[in-house]
Every structure is written in structure tokens, then in C-alpha cells.
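Structure, as C-alpha cells:
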Number of protein chains: 2
Amino acid sequence: MTARNYGQYCGVVSALELVGERWALLIVRDLLVGPRRYGDLKKGLPRIPTNILSTRLKELQQAGVVRRVPLAHGLVYDLTEYGRGLEDVVLALGRWGFQAMGEQGEDEIVTPDSMTMAFRTAFTPDVARSQPATVYEVHIGDIVLTLSVDELGLTVARGSTTPGIATGGANLVFAASPRIHEIISGELSPESAIAGGTVRILDGDAALLEQFALAFHLEPAPGAVRAIAV
Amino acid sequence: MTARNYGQYCGVVSALELVGERWALLIVRDLLVGPRRYGDLKKGLPRIPTNILSTRLKELQQAGVVRRVPLAHGLVYDLTEYGRGLEDVVLALGRWGFQAMGEQGEDEIVTPDSMTMAFRTAFTPDVARSQPATVYEVHIGDIVLTLSVDELGLTVARGSTTPGIATGGANLVFAASPRIHEIISGELSPESAIAGGTVRILDGDAALLEQFALAFHLEPAPGAVRAIAV
DNA sequence: CGGGATCCCTTAGGATACTG
DNA sequence: CAGTATCCTAAGGGATCCCG
């Protein structure tokens, strides 16, 4: 344990000693969406070995980042207020990492929680404030997220808000491939996304996709590496 | 290599695959201060094994984060523009980790580069804008940093700007222990810091320490864990 | 079935020595 | 000074098993 300390009196080092181990920040990423059971976390991070998930959760508890909350039956893990302070870190990482995502790999999955945090990352409140309040229902594979944008900001909920009638709550319902990435980066315009089949409008006003592209936008950094050599 | 991939199409994952390995972000932290030679990096990160430093630098180059720059004699490592985009990540980590720093440990060192980034983290431009332009010269152990604050922001330089006459450039010159941490967190007021010996005014107007404490401030988060059990 | 604990094996990473 | 080359420990990966 002594050998694995960085040995510096520094904020960055303190942070890395608490959440710098493998998988730790991905657990935090999912918990930023909401409290999760052990099994939820495992489902959201399929490649994590169960012993690692177990030890990370213990470490995060000891660090005061995560808390076990007993439930009616079972229990959930939840971020403490202190742990919630990691949102800035996760969003900053997501923003920077967005540039290097490139195309979706064969073995790369997309999860509801990672998509939720991705939309939170891409959301630009300043732009959204000048828009009318809008509800988007986005389908990506079998993931359904409802994005509610208003002057207060963004709320992401899992599933459709109106399970019966599609247009009950959402102003725009659309299905997208993970190439929605290119809409958010601005590489693909909303029109050509619809034309090219990346986006399929299921209900509502297709013109709202323009508004969506403005509210959810991440500038690609110059010099970003698109393809990592393997 | 396949086993060490997180296997998710997600910005946070992409970022962690590029800079999430041990020591990587600390190398980036130091390079954010300026280009550094291999030996400089080693000096700034005394606990890093040389083979790890070597492989990290190669990985960071391949990721497009770091670039080798040949010099008149020798060479330096420098961040690419893309790598410089990690500043937000490092500052967010530093801000969050600041809460958990507590007292300086026996085996914990402070380096010029980590202090430089710490001041950049604690700097609050909004407050500083309402202050007159000021130059602080801070001595911490044998580290000397010159902090120039004006309406454009903060510039941190190593050493004294005026090697001959102490007051030539700096409005306030003071020596501080690493407990300067408590001034930045607000736990220790400037007056009591001087009274208690945490800060020793070497030159200039002692009242400027109040202004310093306002310009460099990090709010401690509630629920932060101060002492990590070992 | 949720919530882990245990096992074994591979490999990253720590310590040190050595070289162009 | 700027890195390789070793050797070795311990963290992480993968599968399986356990317990209420």
C-alpha cells in the first residue's frame, strides 16, 4: 500500500488516490445518474470483474464517496454529497474524451447510464435557455431516454415518460444510431442525419432536431486523435 | 491489451483509456506548467519508476497528448494542443481532491509544478478582476513562485521575477508553510496565519494577504473526508 | 436471485541495475 | 542525461462457488 502512494501533498494526487484506480470513476459515472444496486452496476459495467467491483465499492465507501443505503429488500449504493462533487471531474473527462471516440467499435457497448451522462456532458445551458422548453424522447438501440430541457436546465429520465401515447409528453421522438455522436460534434447536420438514416423521426416535429443539435453540442478539439493504433 | 479495455462507447471511457493509467495525469499536470525534460519529470515525480515514466510518455505520444520536441541539446516533452485540453480535467480533479488533503504527511512532498497547478486551481478570476493588479512572491520551503494577478487572469512563474531587489516586481513577498492550504480553504484567516507563524511577511504590504486570500480560495465541500484510515 | 467471496493466472507496475 | 533491461510483487482479469 505504501508503494502505491504517489507521495505528494497535492490536490490532484489526493483525488487520484481516492478515485484514480481502474473502474472507480466509471462506477461514479453510473452513480451520478442515480442510486444503483450491485447488480445494476454489474450490468452497466459488464467487463468489470466482480471482485473488483466489490473492492472498489468498499474503497469508495471508506473514502466517503459512496454510501450503502439499505432498502425495503436489498440495498443500493449511492453517492454521498462529497461524491456528487465528482460530477465536474466526470463531465470534464467526458468532454475531453468525446473527441477521441471515433466510430463505435465492434466490442463497444452503450449503456443507459453512459448515454445519460453523455447527454449531460453535451448539454449547453446557455444555448438551451434561449429555446422554448422541449421534451425529447431518444431511442438508441433498445435504450430510451427522455430529455427534458427548460430554463432550469436538463433532466434525463430513463424510458418514455408517457408509456401509452407517444406524443403525450415528448415534443419530438426519434430513433438514432450511436452515430448521433456526429450530430453532437457538428460533423453531421440534422437534415442529412435524417436523410442518411442516422436519425429516424418517430413522432413530433422533425424541425425540432435542429434545436436539439444546438442544445446538445460538443466542439471537436483540433488535434484530436480519431483512430488509436492497436 | 484487449482485456484492459473497458469496452464501452463513451467519452469518459475514451478519456480513461488514454490518460486513466497510473501516473499519466500527473505527468500531464506537470506538463501543463510547461515543457519538461525527462529528468525534470522524474524530479517532479520522484516515486515514478523510470520504466513507467518511459512507457507512459510513449503511450501519451501515441494518443496525441504529448509530443517530443528536439532541442539544441537534448529534448523536451510538451503537450499538444489536444493534450492541453486536459487542463479542465486536471483542475477539476485538483479542486475536488483539495478537500481531502488534510495535513501534509511525513512522506508527502511538494513540488514547484504541483504548487503552480494548485494556485491555478484555487484562483478565482471573478474575484481577482475586482482587485488591483498585484504580484505576489510566495516562498514555500525552497520553492519560490511569482503569481501575477491582473484583469487578464493569473500567471505563475518559477522563481523570483527580480533576482536582485526583492520589491522590484512583487507587491507582497511572503514565506508560507504548506499549511497555506488552510488559508486557501478559509480555515485560517490571514491575520491569524501571520500571528501563528504559518505565514511570514518578507516584504511589501502585509494587508495584501487579505486580498490574496480572496483571489485564491477553494470552498471545502461538506462531507469531505479529512483523514483516510490506513 | 441479489450480493458478494474465493480461486488461479496473467500482467501492470514497483525497485534496482545497467547502458548509449 | 535519457532512457533499457531485469526481476519480483501485487493488482487486475476470468471463472466459479457460496450464502441468505
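These values consider heavy atoms only, across backbone and side chains, with no hydrogens, waters or symmetry-generated copies. The sequence lines fix the lettering, A, B, ..., with proteins before strands; numbering per chain opens at 1.
- Atom CZ of A/Arg84 is separated from atom CG of A/Leu32 by 7.0 Å, given to the nearest 0.5 angstrom.
- Considering only side-chain atoms of B/Tyr77, the nucleotide from C/dA5, C/dG13, D/dG3 that sits closest is D/dG3.
- Taking atom CD1 of B/Ile52 as the reference point, atom C1' of D/dA11 lies 13 Å away to the nearest angstrom.
- Atom CD1 of A/Ile48 and atom P of D/dG13 are 8 Å apart (whole Å).
- Taking the salt bridge (Lys or Arg N to Asp or Glu O under 4.0 Å) definition, one finds that B/Glu108 meets it with nothing, sequence neighbours left out.
- One interatomic measurement links the two molecules: CZ of A/Arg56 to C1' of C/dG3, which rounds to 18 Å at whole-angstrom precision.
- You'll find that the side chain of A/Leu75 is closest to C/dG4, out of C/dG4, D/dG12, C/dG14.
- In terms of the side-chain contact (heavy atoms from CB on, under 4.5 Å) criterion, residue partners of A/Lys58 (sequence neighbours excluded) are, by chain and number, A/Ser54.
- Side-chain N/O atoms of A/Thr50 and A/Tyr38 include a donor and acceptor closer than 3.5 Å.
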When the side chains of residues 67-78 of chain B are checked against the rest of the protein, which donor-acceptor pairs come out under 3.5 Å, sequence neighbours left out?
residue : atom : partner : partner atom : Å
B/Arg67 : NH2  : B/Leu79 : O            : 3.4

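- Note that the two end axes of the helix from C/dC1-D/dG20 to C/dT19-D/dA2 enclose an angle of 30°, each drawn from 5 base pairs, rounded to 10 degrees.
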Please tabulate, one pair per line, all N/O donor-acceptor pairs under 3.5 Å involving side-chain atoms of residues 112-119 of chain B, not counting sequence neighbours.
residue  : atom : partner  : partner atom : Å
B/Asp113 : OD1  : B/Arg36  : NH2          : 2.9
B/Asp113 : OD2  : B/Arg36  : NE           : 3.0
B/Ser114 : OG   : B/Thr111 : N            : 3.3
B/Ser114 : OG   : B/Thr111 : O            : 3.1
B/Ser114 : OG   : B/Thr111 : OG1          : 3.2
B/Thr116 : OG1  : B/Pro112 : O            : 2.8

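- Here the C1' atom of nucleotide D/dG3 and the NE2 atom of B/His73 are 17 Å apart, to the nearest Å.
- When the C1' atom of D/dG13 is taken as reference, atom CG of A/Leu45 falls 15 Å away, rounded to whole Å.
- Side-chain N/O atoms of B/Thr55 include none lying less than 4.0 angstrom from OP1 or OP2 on C/dG13.
- Side-chain contact between B/Arg22 and B/Ile52 is absent, with no heavy-atom pair separated by less than 4.5 Å.
- The side chain of B/Asn51 lies closest to D/dT6 when the candidates are D/dA2, D/dT4, D/dT6.
- In terms of phosphate contacts, B/Arg47 brings no side-chain nitrogen or oxygen within less than 4.0 Å of OP1 or OP2 of C/dA15.
- Residues B/Leu18 and A/Trp96 are in side-chain contact: their nearest non-hydrogen atoms beyond the backbone lie under 4.5 Å apart.
- With rounding to whole Å, B/Lys42 atom NZ is found 11 Å from C/dA15 atom P.
- Listed pair B/Trp23 / C/dG14 meets the phosphate criterion, a side-chain N or O lying under 4.0 Å from OP1 or OP2.
- For the pair B/Glu59 CD and C/dG13 C1', the computed distance is 11 Å after rounding to whole Å.
- Considering CG of A/Leu41 and CZ of A/Arg56, their distance stands at 13.5 Å, rounded to 0.5 Å.
- Here D/dG12 presents its P atom at 13 Å from CG of A/Leu53, a figure rounded to the nearest Å.
- At the phosphate of D/dG13, OP1 or OP2 sits under 4.0 Å from a side-chain N or O atom of A/Arg22.
- Between B/Arg68 and D/dG3 there is a side-chain polar atom (N or O) within less than 4.0 angstrom of OP1 or OP2.
- Smallest separation of non-hydrogen atoms from B/Glu21 and B/Arg4: OE1-NH2, 2.9 Å.
- Between B/Lys58 and D/dA2 there is no side-chain polar atom (N or O) within less than 4.0 angstrom of OP1 or OP2.
- A donor N or O paired with an acceptor N or O is found under 3.5 Å between the base of C/dA5 and the side-chain atoms of A/Thr50.
- Of the residues in residues 25-40 of chain A, not one places a heavy atom less than 4.0 Å from an atom of DNA chain D.
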